[in-house]
Amino acid sequence: MDKTKIKIGVVSMATLAMSGSVAGSAIAAISKSFPTTPISTIQLLSTLPGLGSLIISLIAGQMAMHISKKQLVLLGVALVTLGGLLPAFWNSSIVGLLICSIILGMGVGFVSTINPMLLSQYFEGEERSTMMGVNTGFTSLGSMVLTGVGGFLGGSNWRHLYWIFAVGIIVFLLVLFCLPNDKVEASSTDGKTSKPKASTWAVIKSLSPSVYLIYLVVFLLGIAFTAYMANLSIVVAQKHMGGTAMTGMINAVGTMGGIIAGLGFKYLRKVTKPNTLAAGFVFLIITLAVTYYFNNTIALMIAAIFASVAMVTVMSTAPFMLSMVSAPQQIPVVMSVFAFVNGLSSAIAPKLISWCHVPAGAPSFVFAGIISAVVVVVLVATRFEKKVESGQLLADAPAK
């Protein structure tokens with residue numbers, strides 16, 4: 001088994017994991033081409049991919065128990081490419097654009113759900129942890145390149161933005177030739193071959209409490225991180241430091257920090273192990289505190305770097321730990337639910353914060369900081385991560 005080729009195949013698909021946000025930069029231009037269409041409908045172009053992804057994440061795990069993961073990834077990349085490229089030709093109807101957004105999101109759903117399954121299948125121990133960090137780094141890199149180049153292509157005509165999805169053809173070929181053909185274990189009830197596969201619901205009921213704790217941590221990260229991202233521009237404006245352009249610059253610097261953190265995650269983990277999850281939330285607390293108290297552009301850029309490092313740290317460590325506290329046959333469903341929880345938390349975060357009667361702007365930072373601090377205290381006090389690292393919480397660990 002050529003590990004180098006597998007690494008190329010896995011990280012190449014990761015570059016498409018955030019491709020659903022590409023069209024968001026052209027919302028204003030697209031709205032001018034459809035003057036009779038409400039702006040709220042145009043904005044669906046940036047949110048419908050998330051809905052399509054959430055729907056697929058619910059079923060991708062079960063499908064992976066019956067269909068080759070490589071075939072599912074190829075299907076996902078093909079859907080991203082199809083849904084992304086079609087608007088370059090078929091762009092006279094807003095309904096058509098919305099349909100393409102859903103198709104694109106469904107492809108992202110397959111890619112983002114199957115990706116951690118492949119990392120768990122082909123890599124072990126620290127190599128798996130390192131690859132999950134690299135994978136997250138390439139996700140950020142892909143997002144930056146797709147958004148940046150797409151914005152450049154669509155500068156004169158928003159329709160040209162969609163040509164950036166031609167990169168999906170390259171990713172499809174890399175996956176096709178670099179990923180090995182994984183075999184699906186045949187199910188049988190005759191007692192001569194393998195046992196029949198359990199249903200998704202049966203697998204979910206059999207998961208250990210440790211799995212649900214990690215899901216909760218991921219969900220809370222989504223809430224806290226979205227509180228930061230959704231309110232950053234408001235805080236920047238309140239501090240009279242600039243507008244959209246300044247916020248975009250701060251986010252761009254933060255993205256670069258995330259890429260570097262992902263590619264060098266094994267070194268970061270050496271420093272934070274065995275409290276890497278907790279460290280991720282500490283990084284986010286630093287982000288929130290610096291942004292809250294400082295009125296300096298450089299300080300806010302440094303804070304944005306810490307925010308990206310926090311995201312990389314948690315989103316690389318969480319699937320790694322899920323793979324350690326789950327039985328091999330549970331991995332497809334476990335990673336499917338992980339992708340769903342991750343997407344759901346970001347989607348409902350604004351509403352959830354609103355339901356808690358937290359005002360926009362700086363108060364949302366305080367709210368996110370409290371959530372992060374509680375997570376840190378719980379993880380450190382229970383020594384949860386150390387127990388996972390030592391193997392005490394392995395799904396097949398013998399009872400003591």
Side-chain angles (χ1 to χ4, degrees), residues 1-20 53 56-57 60-61 63-65 67-81 106-146 165 167-184 258-266 268-269 311-324 326 328 331-336 338-339 342-343:
M1 185 185 300
D2 189 339
K3 286 291 187 72
T4 300
K5 290 179 64 177
I6 294 176
K7 291 177 181 179
I8 293 174
V10 172
V11 300
S12 67
M13 75 176 79
T15 60
L16 299 178
M18 296 183 68
S19 56
S53 179
I56 293 300
S57 68
M63 294 178 69
M65 299 169 70
I67 303 174
S68 164
K69 296 182 185 66
K70 179 177 180 177
Q71 292 178 8
L72 291 177
V73 171
L74 289 173
L75 173 60
V77 174
L79 289 173
V80 170
T81 307
M106 293 171 67
V108 171
F110 278 115
V111 170
S112 60
T113 305
I114 304 300
N115 183 273
M117 296 183 198
L118 293 172
L119 290 170
S120 299
Q121 178 175 338
Y122 292 118
F123 303 98
E124 299 291 337
E126 288 300 320
E127 185 180 23
R128 179 187 297 173
S129 175
T130 298
M131 278 305 301
M132 287 183 172
V134 171
N135 190 72
T136 305
F138 269 85
T139 297
S140 298
L141 177 62
S143 175
M144 185 178 70
V145 172
L146 290 174
F165 287 97
V167 73
I169 299 174
I170 299 175
V171 175
F172 185 93
L173 293 174
L174 287 173
V175 172
L176 180 65
F177 293 111
C178 292
L179 277 187
N181 290 308
D182 56 304
K183 295 182 179 180
V184 180
I259 294 170
I260 295 172
L263 298 180
F265 182 68
K266 67 177 180 180
L268 178 63
R269 182 168 155 74
M311 179 60 73
V312 167
T313 302
V314 176
M315 297 310 294
S316 300
T317 306
F320 170 63
M321 289 193 165
L322 284 171
S323 68
M324 293 188 67
S326 305
I331 293 296
V333 173
V334 166
M335 294 304 175
S336 181
F338 165 72
N342 181 32

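All values reported here derive from a predicted model rather than from experimental measurement. The analysis underlying the following values was restricted to heavy atoms, covering all of them including side chains, and did not include hydrogens, waters or symmetry mates.
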Please report the closest heavy-atom contact between [X] and [Y], naming both atoms and the distance.
X: S326; Y: V334; answer: OG-CG2, 3.5 Å
X: A339; Y: T113; answer: CB-OG1, 3.5 Å
X: A318; Y: F338; answer: CB-CE1, 4.0 Å
X: D182; Y: S68; answer: OD1-OG, 2.9 Å
X: P332; Y: M65; answer: CB-CG, 3.9 Å
X: M117; Y: G61; answer: CE-CA, 3.8 Å

Any heavy-atom pair between the side chains of [Y] and [X] that's under 4.5 Å?
X: V80; Y: F165; value: yes
X: P180; Y: Y122; value: yes
X: L74; Y: F172; value: yes
X: S53; Y: S112; value: yes
X: Q121; Y: I331; value: no

(request) Applying side-chain hydrogen bond (donor to acceptor under 3.5 Å, both in side chains), name anything that partners T313, two or more places apart in sequence or on another chain. (result) none
Atom pair [atom1] ([X]) and [atom2] ([Y]), whose distance is rounded to the nearest 0.5 Å:
X: L263; Y: I260; atom1: CG; atom2: CD1; answer: 8.0 Å
X: M131; Y: S120; atom1: CE; atom2: OG; answer: 11.5 Å
X: L174; Y: I169; atom1: CG; atom2: CD1; answer: 12.0 Å
X: L72; Y: I67; atom1: CG; atom2: CD1; answer: 5.0 Å
X: M144; Y: T139; atom1: CE; atom2: OG1; answer: 12.5 Å
X: L119; Y: T130; atom1: CG; atom2: OG1; answer: 11.0 Å

(message) Donor-acceptor check, side chain of T317 to backbone of V314, threshold 3.5 angstrom: yes or no?
(response) no
(message) Between S316 and M132 (side chain of the first, backbone of the second, donor and acceptor by atom type, cut-off under 3.5 Å), is there such a pair?
(response) yes
(request) With sequence neighbours excluded, tell me which residues meet side-chain contact (heavy atoms from CB on, under 4.5 Å) with M106. (result) I56, L79, I102
(request) Please identify each residue that fulfils side-chain contact (heavy atoms from CB on, under 4.5 Å) with K5, with sequence neighbours left out. (result) D2, C178
(request) Could I get the full list of salt bridge (charged side-chain N to carboxylate O under 4.0 Å, His left out) partners for K70, not counting sequence neighbours? (result) none
(request) Give the intermediate values and the outcome of side chain to side chain contact (heavy atoms under 4.5 Å, CB included) for residues N135 and F138. (result) CA-CA 5 Å; N135 190 72; F138 269 85; 5.8 Å; no
(request) Carefully, step by step, assess F123 and K3 under the rule side chain to side chain contact (heavy atoms under 4.5 Å, CB included). (result) CA-CA 9 Å; F123 303 98; K3 286 291 187 72; 3.8 Å; yes
(message) Walk me through whether E127 and K266 qualify under salt bridge (Lys or Arg N to Asp or Glu O under 4.0 Å).
(response) CA-CA 9 Å; E127 185 180 23; K266 67 177 180 180; over 6 Å; no
(message) For S19 and V108: C-alpha separation, side-chain torsions, deciding distance, then whether side chain to side chain contact (heavy atoms under 4.5 Å, CB included) applies.
(response) CA-CA 7 Å; S19 56; V108 171; 3.4 Å; yes
Just list the side-chain donor-acceptor pairs under 3.5 Å for residues 6-16, sequence neighbours left out, or say none.
residue : atom : partner : partner atom : Å
S12     : OG   : I8      : O            : 3.1
S12     : OG   : G9      : O            : 2.8
T15     : OG1  : S12     : O            : 2.5

(message) Quick one, F110 with L75, criterion side chain to side chain contact (heavy atoms under 4.5 Å, CB included). Give me CA distance, side-chain angles, the key distance, then yes/no.
(response) CA-CA 8 Å; F110 278 115; L75 173 60; 3.9 Å; yes
(request) Write out all pairs satisfying salt bridge (charged side-chain N to carboxylate O under 4.0 Å, His left out) with one or both partners inside residues 107-126, taking only residues at least two apart or from two chains. (result) E124-R128, E126-R269, E126-K273
